[in-house]
Structure formats: C-alpha cells, structure tokens
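Model, not experiment: these values are computed from the prediction.
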Amino acid sequence: MIDIRKPVAAILLAASVGGWLGAAAAQAQTLKVAMGSDVKIVDPIWTTAYIQRDFGYMVWDVLFAMDETLAVRPQMVDTWEVSPDKLLWTFTLRDLVWSNGQPVTSGDCIASIRRWGARDSMGRKMLASVDGFEAVDARTFRMKMKEPYGLVLESLGKPSSSPAFMMPKKTADTDPNTQIKVEDVIGSGPFTFKADEWKPGEKIVFLRNGGYRPRSEPPSGLAGGKVAKVERVEWIWIPDAQTQVAALGNGEIDIIQAPPHDLLPILSQDRNAKLFDSNPLGSQYEFRFNTLFKPFDDPRIRHAAMVAFGQEEFLKATIGDPKYYKVCKAPFVCGTPLGSDEGMKDVLNQDAARARELLKQAGYDGTPVVLLQATDVAAMTNLGPVAKAQLEAAGFKVDMQSMDWQTLVARRAKKDPPDKGGWSALFTYSGAADILNPVSANLFNASCDKATYGWPCDAEIEKLRDAFARETDPAKQKQIAMELQKRWVQAPTFVDLGQLYQPSALRTNIDGMLAAPATVFWNITKK
C-alpha cells in the first residue's frame with residue numbers, strides 16, 4: 001500500500017530502485033553463453049558432434065563419470081559389484097526421477113545402454129561381450145558377460161563423443177539410426193530443455209531442473225555433485241567471433257566457449273574478462289577419410305596422404321601462438337601412458353615428393369578429393385586451405401566445399417558418392433580424454449558399416465582393438481596398442497594433425513567453471 005504522505009519523487013525512486021534490483025537479480029540468475037556452434041540436433045547418441053554432447057550434459061546424466069584425475073566414479077549408480085569370474089555386473093541406482101517426475105528405473109537404463117551401444121564405438125565393443133541384461137527390481141539391474149571385459153566402467157563412464165546418457169525407455173527405444181523427437185527430451189540431468197524457446201540459429205534455453213538430485217560429493221571433472229547454481233542458461237548463437245568478443249566486453253554475454261586464438265590477446269587485456277582452460281588435456285585435430293569411395297577406399301592412397309601432411313602448418317594457420325598448440329605425432333596423445341610415435345617416423349613430415357611416388361605406385365587416377373570445410377567454427381576454418389595445398393603439392397586433385405558445421409555434421413552421415421552429395425574427407429577434433437586408447441578413440445573403429453562416419457573396414461585393426469579391450473594388464477595393453485598403431489599407419493582411418501589447447505573467455509563476475517573434458521555449466525555462479 002502506498003503511503004500518500006510520502007513525496008511523489010520518493011515513491012517513484014523507490015519503485016525505480018525496486019524494479020532495477022528485481023531485474024538485476026533476475027539477470028544474475030541467467031547465464032548467457034556463446035557456444036562454438038549452433039544447435040540444430042538434440043540427440044547426442046545419433047551424432048558424435050561435441051555441441052550435441054554438450055547439450056546432452058545439460059539435460060541427461062550418466063551411470064558413471066570421469067573425474068579430474070581421469071578416474072571413473074559412480075554418478076547415477078549408488079552401488080555396484082562384479083562377480084569373481086568377472087562375468088556378472090550388478091548395478092543399483094540412486095533414488096532418482098526424470099524431469100517429468102517419473103522414477104528412473106532399471107528398464108530405462110538397460111534400454112539407454114542398448115541404444116548408446118548400438119552407435120558408440122566403445123559401446124559396440126562392450127556390447128559384443130555382453131550376453132544379456134536383467135532387471136532385478138525397479139532400481140537394480142544385471143549385465144551378464146560372455147567373457148571378462150576389461151573396459152566396462154571406462155565404457156559406461158566415457159566423457160564423449162557419445163557418453164552413455166540415460167534416457168526414459170520410451171526415448172531410448174527410438175531406433176538408434178533415427179533422431180529422437182524434441183518432445184522426447186526428458187532429462188535426468190541438472191537442467192531441462194525449454195523447447196518452446198528454442199530458435200535454431202538464435203538461441204537455445206535451459207532451466208534449472210528442480211527435481212534433479214545431485215550427489216553429495218564435491219564436483220570433480222564430470223563427476224561428483226552437479227549443482228545448478230543459476231536458474232537459466234541461454235546458449236546464444238553468434239557466428240562472428242569479433243561480435244562475440246564485443247558482446248562479452250559489453251556484458252551482453254557471460255562466456256565464450258571457444259574464442260579464436262587470434263583474439264585471445266584482446267580478451268586477456270580486457271579488465272572485465274578472464275581466460276580459463278577448462279580442458280587442460282587439450283584436443284587433437286583429425287583429418288577423416290571416407291573409405292567407401294575413391295580415392296580413399298585404397299589404404300595405400302590414405303597412407304600417401306599421411307605422408308603428404310605436416311602438422312605445424314595446420315597448427316600455425318588455426319592456432320598461431322605455440323603456447324596453445326603442440327606438434328605431436330602420437331595418436332593417443334603425447335604425455336599419456338599410450339602416447340608414442342611408434343611406427344610413424346616416415347609420416348607427417350610433409351614429404352610431397354615421397355607422397356607423389358606412393359600415389360603413382362597405388363595407381364591414383366586423379367579422382368578429386370571432395371573435402372568438406374566448416375566455415376563457422378573458428379578453430380577449424382583454416383584447416384581446409386592448408387590440407388588442400390599440401391595434398392595438391394603431392395599430386396591429389398582437391399574439391400574443397402565450404403559450409404556451416406551443422407550442415408557438415410548432417411552431410412557426413414550420408415553414404416552417397418562424393419560427386420552426388422557425399423564426401424571424401426573432412427576435419428574434426430577430439431578431446432584428449434576421448435582418445436587415450438584404441439577402443440575409446442572412435443576414429444580407430446574399423447568395423448566397416450558399424451564404424452562411425454567414414455566407415456573404415458580393417459580386420460587386423462579390429463582384432464587388435466578386441467585384444468586391447470579384453471586385456472587387463474597395462475603393460476600388455478601398451479604392447480597391443482603399439483602393434484595396432486603400426487598397422488594403422490599403413491592403413492590409416494584418419495590422420496592426426498597435432499594437439500591444441502582452447503581456453504574459454506568469461507566475464508570476471510563468473511566463478512565455478514570446472515576443468516573437465518566437456519564444457520559443463522553446473523557449479524557456475526554469476527555475481
């Protein structure tokens with residue numbers, strides 16, 4: 001009730017201040033982020049693109065997760081045990097509910113594991129050793145193995161490209177080769193997807209999931225307590241990098257997920273901004289072959305491309321500052337237990353003359369390489385011209401076609417011939433935590449039509465990947481990995497193009513961002 005004895009000016013001032021404080025409080029509960037790509041797909045199982053994985057971590061949770069030390073810890077699981085013969089795994093869930101209020105059940109998780117395992121490289125390997133599942137009760141289920149398998153927890157707790165996100169059975173029963181429907185995005189994670197505010201090409205909105213029950217442990221990497229500390233997260237699509245930086249400086253957004261490296265000096269001098277490397281392990285650039293069609297259906301021609309390439313030109317063109325990149329031939333990441341350049345002495349030296357000779361020996365007939373280039377992901381835009389130049393120097397013909405990343409992601413799933421809307425090669429990158437061994441690294445999958453896009457087919461590589469998965473002795477695992485690496489050099493499924501490190505840019509009033517293999521938004525506060 002307004003006191004009419006107060007001066008009108010005072011009343012107006014109080015109303016103004018109250019309104020301003022209310023708006024400021026609401027603003028403090030909304031986190032606005034410029035992500036590295038627009039979102040046009042909401043199914044993180046259907047595609048391995050990292051933006052869909054990031055969407056997945058907002059909406060869904062996992063049974064197990066990797067902490068900041070790369071150890072696998074329980075997440076949705078409360079307790080688990082494995083029989084002495086390692087053939088029976090029993091998992092009991094915490095008392096959890098979906099975002100629609102329904103309980104999370106064993107049947108939901110079994111269906112989710114099956115759908116994930118039908119698409120994911122590591123999941124396929126694990127399910128090949130699974131004899132079956134049994135729902136013991138609403139919150140307990142068993143997984144029976146045909147043989148001991150050394151990577152069960154590592155598979156269920158993998159950070160990406162397709163983590164084993166748990167979904168309601170109705171959603172998880174969607175054919176693995178069909179995208180889930182927007183209305184079936186019912187989550188088990190710390191945020192919910194606000195479908196009615198999703199505007200592809202503009203923004204996507206998430207709200208804090210009031211029914212989510214986080215673990216009691218402190219957050220660590222992708223594990224521990226996932227406490228949403230803001231009410232609303234908006235991913236704002238700003239395709240121009242300089243506009244992103246200006247928006248951060250003006251306070252219009254709070255975080256830039258992946259600012260271009262050439263703009264980092266500007267951001268580091270902005271007193272309202274700070275840089276944070278949320279993925280200190282870094283990532284690896286990769287040139288992916290489509291092995292279904294000429295010219296890369298021939299492993300000798302793929303090997304010639306590996307001889308033609310040299311990493312440093314790619315890294316200089318995209319990253320520039322050596323502080324943020326590393327020349328590294330090791331496909332399993334330099335500085336890690338399996339990081340080695342075994343068998344790679346004669347490749348990745350940018351040896352155009354030797355590559356020309358190899359192409360002649362392989363009978364290369366001049367079939368053009370249809371090379372897809374993403375133009376709206378700053379960290380990848382300049383890879384295409386470097387690859388084109390290095391391949392042409394070696395005698396390849398190259399047809400480079402430019403498009404946005406989401407169009408590329410949709411096109412790379414097609415098995416059409418390159419001259420009829422398909423492709424011959426493209427670029428991607430993998431977080432280091434995803435490629436620490438030949439089973440988790442999905443681009444090593446050479447299981448033909450069961451492999452991810454590119455569909456390489458090599459029985460020897462698959463035999464060695466199977467042996468690695470079954471082995472539990474780390475020393476023997478390393479020996480197997482090195483044998484696989486030597487075979488892979490002769491019949492490559494991709495080419496590793498060096499390591500990069502990508503800091504995010506944050507307003508100084510943003511705290512709590514976690515160091516993790518994926519960009520996550522729980523634990524973040526906005527003052």
Side-chain angles (χ1 to χ4, degrees), residues 284-318 327-329 331 341 343-375 380-403 408 411-412 414-429 443-444 446 453-458 461 485-498:
Q284 179 190 85
Y285 279 132
E286 294 144 340
F287 179 90
R288 178 64 162 177
F289 301 107
N290 185 345
T291 66
L292 297 182
F293 304 101
K294 287 184 175 185
F296 293 134
D297 59 337
D298 188 332
R300 297 172 299 172
I301 292 178
R302 300 200 299 272
H303 175 76
M306 203 177 208
V307 171
F309 284 141
Q311 291 183 345
E312 188 137 24
E313 284 193 8
F314 287 98
L315 296 168
K316 284 181 176 178
T318 54
V327 173
C328 169
K329 290 186 178 183
D341 59 2
M344 303 190 71
K345 181 182 67 170
D346 297 325
V347 298
L348 290 173
N349 298 322
Q350 200 175 338
D351 190 341
R354 176 59 181 158
R356 274 184 179 274
E357 183 180 332
L358 291 171
L359 283 183
K360 185 177 180 180
Q361 292 173 8
Y364 173 60
D365 62 2
T367 299
V369 173
V370 176
L371 176 61
L372 306 188
Q373 177 206 24
T375 56
M380 291 198 290
T381 300
N382 292 338
L383 294 173
V386 175
K388 186 174 189 294
Q390 292 189 359
L391 288 171
E392 288 179 340
F396 285 94
K397 291 183 179 179
V398 180
D399 173 15
M400 188 170 74
Q401 300 183 12
S402 301
M403 63 202 67
L408 188 152
R411 184 167 169 179
R412 76 184 184 185
K414 296 180 179 180
K415 292 184 177 181
D416 300 323
D419 62 349
K420 292 181 172 59
W423 57 282
S424 305
L426 53 79
F427 300 97
T428 186
Y429 62 91
L443 295 190
F444 273 97
Y453 60 91
W455 308 281
C457 199
D458 190 285
I461 287 177
Q485 187 167 304
K486 287 187 283 189
R487 168 60 185 169
W488 168 75
V489 170
Q490 298 307 312
T493 56
F494 69 99
V495 182
D496 54 316
L497 297 177

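Among all heavy-atom pairs drawn from Trp423 and Arg412, the shortest one is NE1-O, 3.2 Å. His303 and Leu358 get closest at one heavy-atom pair: CD2-CD1, 3.8 Å. Of all non-hydrogen atoms in Lys294 and Pro418, the two that sit nearest each other are O-CG, 4.4 Å. Heavy atoms only, all atoms of each residue included: Thr291 and Arg302 are closest at CG2-NH1, 3.7 Å. Closest approach of Arg411 and Leu372 over heavy atoms only: CZ-CD2, 3.7 Å. Summarising the geometry of Ala362 relative to Asp298, their closest heavy-atom pair is O-OD2, 3.9 Å, with the distance given to 0.1 Å.
A centroid separation of less than 6.0 Å is found between the aromatic rings of Phe287 and Phe289.
Using a 4.5 Å heavy-atom cutoff, the side chains of Met344 and Pro331 are in contact. Between Tyr453 and Leu443, the closest side-chain pair of non-hydrogen atoms falls below 4.5 Å. Looking at heavy atoms from C-beta onward, Tyr429 lies out of side-chain contact with Leu497 at the 4.5 angstrom threshold. The shortest distance between side-chain heavy atoms of Gln350 and Gln390 falls below 4.5 Å. A 4.5 Å side-chain heavy-atom check between Gln373 and Pro385 finds at least one atom pair inside the cut-off. Between Thr493 and Arg288 the shortest side-chain heavy-atom distance falls below 4.5 Å. Looking at Leu359 and Ile301, their side chains come closer than 4.5 Å, going by heavy atoms from C-beta outward.
Here the rule is ring pair (Phe, Tyr, Trp, His ring centres under 6.0 Å) with Phe309, and of Phe314, Phe494, Phe396 only Phe314 fits it.
Remark: side-chain polar atoms of Gln490 are not paired, donor with acceptor, to backbone N or O of Pro299 under 3.5 angstrom. Using modelled atom types, no side-chain atom of Arg356 and backbone atom of Ala308 make a donor-acceptor pair closer than 3.5 Å. At least one donor-acceptor pair under 3.5 Å links the side chain of Asn382 to the backbone N or O of Ala317. Put simply, the side chain of Lys329 gets close to the backbone of Val347: a donor and an acceptor are under 3.5 Å apart. Remark: the backbone N or O of Leu292 is paired with a side-chain donor or acceptor of Asn290 at under 3.5 angstrom.
Taking CE of Met400 as the reference point, atom CG of Leu426 lies at 13.5 Å (rounded to 0.5 Å). For the atom pair OH of Tyr285 and CG of Leu315, the computed distance is 7.5 Å after rounding to the nearest 0.5 Å. Between atom CG of residue Asp496 and atom CD of residue Gln284 there is a gap of 4.5 Å, rounded to the nearest 0.5 Å.
Ionic pairing of Asp346 and Arg354 is not present here: no N-O contact between side-chain nitrogen and carboxylate oxygen is shorter than 4.0 angstrom.
A tilted orientation is assigned to the rings of Phe444 and Trp488, their planes being inclined by 30° to 60°.
Contacts classified as salt bridge (charged side-chain N to carboxylate O under 4.0 Å, His left out) and involving residues 307-318 (residues at least two apart or in different chains) are not found.
Counted within 6.0 Å of NZ on Lys415, heavy atoms from surrounding residues, nucleotides or ligands total more than 12; the atom is thus considered enclosed.
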